[in-house]
Amino acid sequence: MAVFPLLLCLLPLAPASAPPQPATSSPCPRRCRCQTQSLPLSVLCPGAGLLFVPPTLDRRAAELRLADNFIASVRRRDLANMTGLLHLSLSRNTIRHVAAGAFADLRALRALHLDGNRLTSLGEGQLRGLVNLRHLILSNNQLAALAAGALDDCAETLEDLDLSYNNLEQLPWEALGRLGNVNTLGLDHNLLASVPAGAFSRLHKLARLDMTSNRLTTIPPDPLFSRLPLLARPRGSPASALVLAFGGNPLHCNCELVWLRRLAREDDLEACASPPALGGRYFWAVGEEEFVCEPPVVTHRSPPLAVPAGRPAALRCRAVGDPEPRVRWVSPQGRLLGNSSRARAFPNGTLELLVTEPGDGGVFTCIAANAAGEATAAVELTVGPPPPPQLANSTSCDPPRDGDPDALTPPSAASASAKVADTVPPTDRGVQVTEHGATAALVQWPDQRPIPGIRMYQIQYNSSADDILVYR
Ligand SMILES: *[C@@H]1O[C@H](CO)[C@@H](O)[C@H](O)[C@H]1NC(C)=O
Ligand SMILES: *[C@@H]1O[C@H](CO)[C@@H](O)[C@H](O)[C@H]1NC(C)=O
Ligand SMILES: *[C@@H]1O[C@H](CO)[C@@H](O)[C@H](O)[C@H]1NC(C)=O
Ligand SMILES: *[C@@H]1O[C@H](CO)[C@@H](O)[C@H](O)[C@H]1NC(C)=O
Ligand SMILES: *[C@@H]1O[C@H](CO)[C@@H](O)[C@H](O)[C@H]1NC(C)=O
């Protein structure tokens, strides 16, 4: 809008501000200042009203400043051939889109400033080729996703990574853990709810880690933090001290954070959000002995249950404790039960047996455990005989020789195929299993001729995940 008249009135000035160029170099883009007479070559266009990266850039430039413009995207050709560029600033534009490979020629680039833009994600290809990058500033964008491979090319050189003021709920922690040269890591003002244990253990050069204002309720101990008590800013500490900032998180001050409290610093504003008794108190003012956990107590469990064979059963066990206990189930035979084709163990403590079998009955044990201890409770399950058929009209059909087709108690695999074989023409008898792979198989049987009374088929298979026969 305003750009057009502005450019018009500036046109006469352009020759004055851009001296004649040597034949080998491109003309200085309008409204930019260029230093192309001597090394290092620079192109400076801050606040120049640019809507895109000027096409007439001197490709030999070592410094390119394009901050405070209105550039909305960085295209593949915009920075092509700038193999000598050391410093690139694109801060405070309106960049939403960076083409894959847009920086691929910037092999020498040391600093890339992309802060204050509108990036929502960074994929595998966008930072490709930045094999010498030291400083990567991505703060104040809207980043919600950072691909695991996004930093691959600069993983060994990166010293300063600023991801602050974004919308990150997740990070590719494994990839971050490989930034062996990183010195400053800014993760503050995001939406991170957890940090995996050991995330920073290989960042031996880390000197500043900012996790302020996220959603962390706890921080797992990390070998990195063992440097804190020695180096953390007592008077006269060396400038290289590790600085860890984690204020503005809803810290849950239980025994899992004692390790952090033991690092005893008194100069920060971190506070506890919970448990209620400690809510709002300064982290460093809470006594070590007040960081307590509660061992689990089982508060609810299913009463003795009886189900007919073939039906599902849900066994419930609810436990409280601090931290939230994890509930596991042990079968009457003493086997730990997880998710399988026959059972689901949910985080809320419910164990679902999808199809019960006569042998499934017995006393199941739920074990609730947390950092402070464990508690167990027993739930008894009785698996009765299968229910009588209800829908079929047993008087109106001839049951096949091998037994009642409606019964939920399965026939053996051999009898299933025999039974089907009995009722089909001799030309294509039997069950065919084809296309079998490691995890799937196609089971076919002829059913052209309606078989009176049959309303379901059962398939019986041996699953290595269960170690037992499974019926469907
Ligand atoms: C980059 O260099 C190649 C090969 O010299 C050339 O074909 C291409 O036009 C150049 N691109 C730009 C944007 O200068
Ligand atoms: C079993 O699967 C459910 C989702 O179906 C999941 O929530 C649960 O954590 C899994 N349990 C185990 C023990 O892996
Ligand atoms: C536990 O979670 C499962 C799956 O989300 C749900 O079906 C079940 O009702 C839950 N049980 C309780 C007691 O909340
Ligand atoms: C079930 O049997 C009764 C008589 O015993 C008969 O009247 C009825 O039609 C049958 N129903 C079906 C669905 O075959
Ligand atoms: C199923 O597998 C178990 C354990 O490998 C084996 O003992 C059993 O005989 C198998 N059953 C069939 C029908 O193959």
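Just follow the structure's listing: the first ligand is 1, and inside any ligand the first atom is 1. Bear in mind that the values here come from a model prediction, so they are computed numbers and not experimental data.
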Protein heavy atom at shortest distance from [atom]:
atom: atom 11 (N) of ligand 2; result: Ala345 O, 2.8 Å
atom: atom 10 (C) of ligand 2; result: Asn339 ND2, 2.5 Å
atom: atom 12 (C) of ligand 3; result: Asn348 ND2, 3.4 Å
atom: atom 7 (O) of ligand 3; result: Glu352 OE2, 3.9 Å
atom: atom 9 (O) of ligand 3; result: Arg316 NH2, 4.3 Å

Presence of salt bridge, [Y] and [X], under 4.0 angstrom:
X: Asp360; Y: Arg342; answer: yes
X: Arg92; Y: Asp68; answer: yes
X: Glu174; Y: Arg202; answer: yes

Contact with ligand 2 for Gly338, non-hydrogen, under 4.0 angstrom: no

Euclidean distance, Glu156 CD relative to Leu179 CG, rounded to 0.5 Å: 10.0 Å

Interfacing atoms of ligand 2 (cut-off 4.0 Å, heavy-atom, Pro347): 7 (O), 8 (C), 9 (O)

Check: Asp58 side chain, Arg60 main-chain N or O, donor-acceptor pair, under 3.5 Å: yes

Positive for side-chain contact (heavy atoms from CB on, under 4.5 Å) with Arg344, one of Leu351, Thr350, Asn339: Asn339

Heavy atom of protein inside 4.0 Å of [atom], strictly below:
atom: atom 1 (C) of ligand 1; answer: yes
atom: atom 14 (O) of ligand 1; answer: yes
atom: atom 5 (O) of ligand 1; answer: no

Atoms of ligand 3, numbered as shown, that sit under 4.0 Å from any heavy atom of Arg318: 13 (C), 14 (O)

Donor + acceptor pair across side chains of Ser91, Asp115 (<3.5 Å): yes

Numbering as shown, the atoms of ligand 1 that approach Asn81 to under 4.0 Å (heavy-atom distance): 1 (C), 2 (O), 3 (C), 8 (C), 10 (C), 11 (N), 12 (C), 14 (O)

Criterion side chain to side chain contact (heavy atoms under 4.5 Å, CB included) on Ile71 and Val53, from CA distance to verdict: CA-CA 7 Å; Ile71 298 168; Val53 177; 4.2 Å; yes

